[in-house]
Protein chains: 2
Amino acid sequence: MPTPTRASLAQIVDAGRDILESAGASGLTMQAVADRVGVRAPSLYKRLSDRDALLRAVAYATIDDLTARLEAANGGIPSLARTYRDFAHDRPEGFRLMSTAELPVEALRLPVEPLLRACTQTVGEEHALDAARFAVAWMTGFLHMELSGAFRLGGDVDGAFEYGLRRLVASLEA
Amino acid sequence: MPTPTRASLAQIVDAGRDILESAGASGLTMQAVADRVGVRAPSLYKRLSDRDALLRAVAYATIDDLTARLEAANGGIPSLARTYRDFAHDRPEGFRLMSTAELPVEALRLPVEPLLRACTQTVGEEHALDAARFAVAWMTGFLHMELSGAFRLGGDVDGAFEYGLRRLVASLEA
DNA sequence: ACCTGAACACCGTTCAAGT
DNA sequence: ACCTGAACACCGTTCAAGT
C-alpha cells in the first residue's frame, strides 16, 4: 500500500504562516515547518523546490487574505487605508514578507485593484495610477515604520495615521 | 612584539558596506567580511559581539552618510525628497538595511531633522511632527516599492514620484 | 593584545534506500 | 508515490592555544 499523503501543500503553507507570525522570518525554517506538519525536512522538497518557494507561497497566501479583506471593505480610500492597517497589525510578519519576498509584479494587482478604483473615482482615469501609487506608498511606508517602532517616540500614532489620511484624501480631491 | 592591529572596526564596516551592496544582506556574512579584511572570521569577534552588531554598525554608517547628504541639500521638501531618492538609488541595499536592522528610535533623529525643520516652516510647530511622518512615510514607502520593482509595470516611475511630491507639498501648504 | 585552527550547533539541500 | 536517515556544504560562534 502506498503511503498516504501526510503533508499537503496547503498544510505546509498554513504551518508556515503560523510559524512566521510567532517566530519571524528567520524562524521560518524548513525544519520548523516539517516538525509542525509531522514530517522530516527532506519531505518538504516533494512540494516545494526550496525555502524561497516556501516564502513565496506564504507571501501569496498572505496577499490572498489581504485581498479578501480589502474587497469586503467599503470601497472608499479611508476605509481601504484602515483595513490595510488593521491587516498589518494582525499579521505584522506576513505584511513584512509581502514586501520582502521577491514576487512577480502581477502578484499585487488584485489587492491594489480596489484602491485603483477609488482613485479613479476621485482623480479620474488619467492620473488614477499616479494617485494609487501615492496612496499605496504612504500607507505602506507608514505601516512599515509603525511596525518597526520608528514612531515609538513622541505623540499619538493613531493620530498621525488619521492626519496623513486626511491630507492624502484632501490632496487627491483638490 | 604584540601583533599590530590588522582589522580596525572602520575597515570592517567599510568592507561590510561594500559587500552589502554587491552581494545583498544575505551575502553579508562574517566570512565574507573576514576575507575582505584579511583575517579569519573568529577575529571579527574582537570588534563586534555578533553578526547583528555588524549589521547595526553598517546601518549606522549608512545613516551617517544619508544625514550628510540631507544636510547638504537645500532645505525645502522637494530637495530633501529628491536627495533621499538619489541616496536610495546609490545604495539600495544600505537603504533597505536602514529599515530592516533593529535600531533604537533615536538612530533616525538626525536624518529626519532637516525634514522636520522644513515641515515646521510649512505647517507650523503644532503639526510639524505629523506632517514629517506623513512625508517620510510616503517617501520611504515609494522608494521601497520602487526598489523592489513593484512599480515596474505601467507608466513613468519618475513621473509618479514627481506627482506624489507635488501632491504632498500641496497638501501641506493647503 | 590579537590572531588562529579546531570544533560545535544549526540550517538548507541531495540522494540512495526503504515502504 | 511518499517517506526517511545519512551525508555534505555553509554559516555563526566559542575557545584553547599560539605569537
Side-chain angles (χ1 to χ4, degrees), chain A residues 1-62 93-94 96-97 100-103, chain B residues 1-62 93-94 96-97 100-103:
Chain A
M1 190 162 53
T3 320
T5 296
R6 262 196 250 174
S8 72
L9 186 56
Q11 278 175 285
I12 291 172
V13 172
D14 280 356
R17 294 189 74 186
D18 283 0
I19 294 168
L20 177 66
E21 291 305 333
S22 57
S26 71
L28 180 47
T29 67
M30 301 299 270
Q31 314 235 20
V33 172
D35 282 356
R36 183 72 85 87
V37 155
V39 103
R40 301 291 177 163
S43 299
L44 299 177
Y45 293 82
K46 284 281 150 183
R47 306 274 179 229
L48 295 158
S49 58
D50 52 22
R51 181 171 180 268
D52 240 61
L54 170 66
L55 294 177
R56 279 195 305 271
V58 171
Y60 276 116
T62 307
E93 295 292 343
R96 282 198 184 100
L97 182 63
T100 306
E102 311 254 338
L103 302 175
Chain B
M1 190 161 55
T3 320
T5 297
R6 263 196 251 172
S8 72
L9 186 57
Q11 276 175 287
I12 291 172
V13 172
D14 280 356
R17 296 189 72 186
D18 283 359
I19 294 168
L20 176 67
E21 291 305 333
S22 58
S26 72
L28 179 47
T29 67
M30 299 301 270
Q31 314 235 21
V33 172
D35 282 355
R36 183 70 85 87
V37 155
V39 106
R40 301 291 176 162
S43 299
L44 299 177
Y45 292 82
K46 284 282 150 182
R47 307 274 178 228
L48 295 158
S49 59
D50 53 23
R51 181 171 179 268
D52 241 61
L54 171 66
L55 294 177
R56 280 196 304 272
V58 171
Y60 276 117
T62 307
E93 296 292 343
R96 282 199 184 98
L97 182 63
T100 307
E102 312 254 336
L103 301 175

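The chains referred to below are lettered A, B, ... by the order of the sequence lines, with proteins before strands, and numbering in each begins at 1.
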Any donor and acceptor pair, going by atom type alone, linking the side chain of [X] with main-chain N or O of [Y] inside 3.5 Å?
X	Y	value
B:Arg47	B:Ile12	no
B:Arg36	B:Gln11	no
A:Glu93	A:Ser22	no
A:Gln31	A:Ala41	no

Its dot-bracket string being built from Watson-Crick and G-U pairs below 3.5 Å, with | for another strand and [ ] for crossing, DNA chain C has the pattern ||.|||||...|||||.||

Which of residues 37-45 of chain A have a heavy atom under 4.0 Å from DNA chain D?
A:Val39, A:Arg40, A:Pro42, A:Ser43

Give, for atom CE of B:Met30 and atom CZ of B:Arg40, the distance between the pair rounded to the nearest 0.5 Å.
15.0 Å

Nearest-0.5 Å distance that lies between atom OG1 in B:Thr29 and atom CG in B:Asp35
7.5 Å

Counting side-chain heavy atoms from CB outward, which of D:dC11, D:dC2, C:dT13 is closest to A:Arg51?
C:dT13

Given D:dT13, D:dC11, C:dC3, which nucleotide is nearest the side-chain atoms of B:Lys46?
C:dC3

Rounded to whole angstroms, how far apart are [atom1] on [X] and [atom2] on [N]?
X	N	atom1	atom2	value
A:Leu28	C:dC10	CG	C1'	16 Å
B:Arg47	D:dT13	CZ	P	17 Å
A:Leu55	C:dC11	CG	P	15 Å
B:Asp50	D:dT13	CG	C1'	9 Å
B:Met30	C:dC3	CE	P	13 Å
A:Gln11	D:dC2	CD	C1'	14 Å
A:Asp52	C:dC11	CG	P	17 Å

Any B:Leu55 side-chain heavy atom under 4.5 Å of B:Leu20 side chain:
no

Do the side chains of B:Val33 and B:Leu44 get nearer than 4.5 Å, heavy atoms only?
yes

Is it the case that more than 12 heavy atoms not belonging to B:Arg51 sit under 6.0 Å from its CZ atom?
yes

